[in-house]
Trainee: 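Quick one: the structure is below, and I'll ask about it shortly.
First the proteins, then the strands, lettered A, B, ... as listed; each starts at 1. Keep in mind that the numbers below use all heavy atoms, side chains included, and drop hydrogens, waters and symmetry copies.
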Protein chains: 2
Amino acid sequence: MEDSRAADGGRQRPTLEMVAAEAGVSRGTASRALNGGHNVSRRAMEAVQAAATRLGYRPNLAARSLVLGRSGSIGLVVSESDERLFSDPYFATVARGVHAELMAHDVQLVLALAQTPAERERMLRWSAGRPLDGVIIISVHGADPLPGAIATEGVPVVIGGAVEGPDRDIPGLASVDADNLTGARSAVEHLVSRGRTRIGHISGPLDMVVGRDRLEGWRSVVSGLPGGAPQTLTVEGDFTEAAGAEGARRLLAAHPDLDGVFTANDVMARGALSALQQAGRRVPQDVAVVGFDDLPGTEGISPGLTTVRQPVIEMGRQMARTLLAMVEGLPLAERHTVVPTTLVVRETS
Amino acid sequence: MEDSRAADGGRQRPTLEMVAAEAGVSRGTASRALNGGHNVSRRAMEAVQAAATRLGYRPNLAARSLVLGRSGSIGLVVSESDERLFSDPYFATVARGVHAELMAHDVQLVLALAQTPAERERMLRWSAGRPLDGVIIISVHGADPLPGAIATEGVPVVIGGAVEGPDRDIPGLASVDADNLTGARSAVEHLVSRGRTRIGHISGPLDMVVGRDRLEGWRSVVSGLPGGAPQTLTVEGDFTEAAGAEGARRLLAAHPDLDGVFTANDVMARGALSALQQAGRRVPQDVAVVGFDDLPGTEGISPGLTTVRQPVIEMGRQMARTLLAMVEGLPLAERHTVVPTTLVVRETS
DNA sequence: CTGTTAGCGCGTTCAT
DNA sequence: ATGAACGCGCTAACAG
């Protein structure tokens with residue numbers, strides 16, 4: 001098979017062996033010259049680099065991974081429908097933070113989707129094969145077994161969001177989350193301080209920890225109010241604008257005297273805002289609104305929205321930093337990081 | 001180093017060798033048993049599978065890629081800012097089509113971003129290292145050298161969009177595009193048939209072929225109208241809603257008698273729609289509007305919008321099919337595919 | 001049907 | 001500073 005050629009009608013891809021031959025050195029020297037260049041004479045160095053350029057040499061990453069036990073790339077896996085992935089600015093913002101940190105460390109970021117059970121199974125098999133040095137998983141619903149399963153395969157995992165249950169104790173699994181409970185409380189307390197007494201909540205999906213945490217924050221404050229925290233003051237949403245609008249309508253129907261709304265994210269706040277206005281309510285005079293997120297670059301989404309800011313880009317960076325540390329085998333100061341939030345008061349409250 | 005252990009505090013990851021030993025067969029037999037199972041006795045088959053399960057064996061993908069010369073995954077690279085990637089439903093839709101087709105062929109899809117020059121350089125180096133069997137590139141701006149460069153490295157490339165210039169002749173590079181010229185013409189001709197005579201165009205980025213093609217389609221029809229196709233009837237947009245609104249305002253300012261607008265995509269149409277209404281124009285009575293795309297699931301974006309439908313999901317599938325064929329080394333019927341569009345008339349015209 | 005062997009391309013000892 | 005040799009984990013080709 002001396003004559004085996006690539007399917008691309010070209011000649012055989014140059015290997016390190018060929019570069020070495022071209023440069024008149026051994027493969028070992030060529031390898032050293034190309035990485036770091038320690039213990040290599042100037043002459044050899046230059047000869048190798050010239051040969052590599054001349055031949056258009058590109059190191060085969062599979063071979064390198066095999067010997068190094070590392071691929072130099074990490075994955076961002078999203079357990080979410082592609083619609084939401086591409087429509088909710090939250091994902092883009094996390095990705096931006098992760099991306100920024102990884103670029104600084106010269107590691108390649110790949111995004112992958114794992115929506116259906118079949119895909120999650122495939123994702124497990126795939127990542128267990130170690131094409132990635134580690135994975136960041138965001139938007140975890142329910143008691144999703146995927147993160148724990150991947151971590152158990154020996155692949156470091158960082159979850160964007162909180163981790164409950166036994167997964168917390170898996171050594172190869174870390175997390176970065178905002179302090180949703182405190183953040184939600186600050187939002188509702190702010191509404192209370194503004195004299196609001198009938199405060200509804202449009203929650204996130206209740207199969208997500210983030211949804212339950214923000215709901216709990218709301219409840220803990222509202223339950224201290226005269227009217228208490230009846231079921232009817234809460235509507236479950238799914239973080240989409242449509243859910244925000246629908247939620248506001250339902251709250252209004254159940255409580256015409258509604259004077260405040262806390263939504264679990266800003267996208268739903270936008271939906272609520274337009275529904276409230278369509279219902280003839282003035283914001284904030286009749287009903288005050290507070291959201292959650294305050295993502296950079298989304299001022300256009302809901303101008304003047306009072307909201308709870310979580311530093312999403314920085315959280316993304318933190319996820320990446322944590323993961324890289326785990327890949328290096330470094331000890332972590334804390335496996336489960338909680339980041340504080342900030343209330344940002346604007347015109348809607 | 002007999003005792004080298006993984007950093008995850010666990011024992012050595014099981015290799016095929018260990019599975020074979022556990023099953024009491026040779027590595028060759030174990031390999032055959034695990035893939036396809038040809039020429040393997042029932043007994044051996046079962047023993048190997050049992051051993052693999054017992055040990056929690058996961059094949060090392062790097063090793064497999066190295067010998068097979070194939071990774072079993074392909075990349076979708078987006079030359080776009082993460083904001084647009086995540087905000088324009090077009091990308092999600094292409095991704096859905098690509099994804100669907102790849103899943104059917106059991107190949108893993110990975111998304112990667114290549115925005116800045118530095119990132120594009122890194123992307124070239126990375127893909128040349130063959131971690132991917134092929135690459136689909138969408139949203140190509142200007143005379144981007146990246147696709148051609150990757151193809152020249154022997155990695156099959158399919159471009160989502162048109163290809164101009166010398167890249168068309170690179171054997172390892174194919175493309176799938178809508179018939180933008182004809183599509184745009186049909187949109188404008190439709191407006192003309194509705195009696196419109198003052199038809200403006202809000203274009204896509206003119207550094208993209210798709211932007212220029214749709215503009216040209218508009219021009220070819222409008223230039224035959226009494227008023228001709230003056231510069232002022234065109235505004236360059238960037239496919240965002242804000243650009244659509246701004247574009248409509250500028251068109252209105254230059255041509256108060258504007259009675260039709262063709263936008264290069266539906267997202268901009270939405271922006272234009274609200275700007276027109278804010279300016280007191282009724283749609284379609286005063287100004288008729290036609291967009292481009294008609295992506296599934298976006299009825300909520302611009303209800304009742306007349307538009308030029310391009311079958312984006314199917315185009316995504318076609319990109320994947322084409323790429324897979326190239327990876328297999330199969331001959332292509334046509335390297336540069338052009339897909340027809342359909343005018344969909346609704347209430348805005 | 002099965003075991004043995006030969007690489008895939010590369011980084012890294014270990015001598016020199 | 002350099003070359004020779006080894007092995008990463010796996011599949012395929014070859015004998016049996």
Trainee: Check every strand shown and say whether A:Val67 touches a base, only sugar-phosphate, or nothing at a heavy-atom separation below 4.0 Å.
Mentor: base
Trainee: Side chain of B:Leu66 only, please: which of D:dC10, C:dG11, C:dG9 is the nearest?
Mentor: C:dG9
Trainee: Side-chain donor or acceptor of A:Arg58 under 3.5 Å from a matching atom on the base of C:dG9?
Mentor: no
Trainee: Expressed in angstrom and rounded to an integer, what is the separation of A:Met45 atom CE from D:dT2 atom C1'?
Mentor: 15 Å
Trainee: Just how far, in rounded Å, is C1' of D:dG7 from CD of B:Glu17?
Mentor: 12 Å
Trainee: Report the C-alpha distance between B:Glu153 and B:Arg125 in whole Å, list the side-chain angles of each, state the deciding distance to 0.1 Å, and finish with yes or no for salt bridge (charged side-chain N to carboxylate O under 4.0 Å, His left out).
Mentor: CA-CA 10 Å; B:Glu153 291 286 348; B:Arg125 284 206 317 274; over 6 Å; no
Trainee: Looking only at side-chain N and O atoms, does B:Gln318 offer a donor or acceptor that is under 3.5 Å from a partner on B:Thr322?
Mentor: yes
Trainee: Give a yes/no on whether any side-chain N or O of A:Asn60 is located under 4.0 angstrom from OP1 or OP2 of C:dC8.
Mentor: no
Trainee: Rounded to whole Å, please give me the gap between CG in B:Leu68 and C1' in D:dT11.
Mentor: 7 Å
Trainee: Would you state whether a donor and an acceptor, one from the side chain of B:Arg27 and one from the base of D:dT11, lie under 3.5 Å apart?
Mentor: yes
Trainee: Any side-chain N or O of A:Ser41 below 4.0 angstrom from OP1/OP2 of D:dT2?
Mentor: yes
Trainee: For A:Asn35 and C:dG9, give me the distance from atom CG to atom C1', rounded to whole Å.
Mentor: 13 Å
Trainee: Assign each of B:Gly28 and A:Gly28 to its nearest nucleotide of DNA chain C by heavy atoms, then name whichever residue's nucleotide is nearer the 5' end.
Mentor: B:Gly28
Trainee: Return the value, rounded to whole Å, for the distance between atom CG of A:Asn39 and atom C1' of C:dT13.
Mentor: 13 Å
Trainee: What's the CG-C1' distance between A:Leu34 and C:dG11, to the nearest Å?
Mentor: 12 Å
Trainee: Between A:Arg130 and A:Ser71, is there a donor-acceptor pair closer than 3.5 Å when you use the side chain of the first and the backbone of the second?
Mentor: no
Trainee: Ignoring backbone atoms, establish whether A:Arg64 has a side-chain N or O less than 4.0 Å from OP1 or OP2 of C:dC10.
Mentor: no
Trainee: Between C:dG3 and B:Ser26, is there an OP1 or OP2 to side-chain N/O distance shorter than 4.0 Å?
Mentor: yes
Trainee: Where do B:Arg317 and B:Gly97 come nearest, in terms of heavy atoms and distance?
Mentor: CG-O, 3.4 Å
Trainee: Does A:Ala44 reach a base, just sugar-phosphate, or nothing at all? Heavy atoms under 4.0 Å.
Mentor: sugar-phosphate
Trainee: Need to verify one output field. Residue with the more 5' nearest nucleotide on DNA chain C, B:Ala63 or B:Arg43?
Mentor: B:Arg43
Trainee: Is a side-chain donor or acceptor of A:Arg335 paired with a backbone partner of A:Arg168 at a separation under 3.5 angstrom?
Mentor: yes
Trainee: Respond yes when some side-chain nitrogen or oxygen of B:Thr29 is under 4.0 Å from OP1 or OP2 of C:dC1, and no when none is.
Mentor: no
Trainee: To the nearest angstrom, how far is A:Arg70 atom CZ from C:dC10 atom C1'?
Mentor: 16 Å
Trainee: Using atom CZ of B:Arg32 as one end and atom P of C:dG3 as the other, report the distance to the nearest whole Å.
Mentor: 8 Å
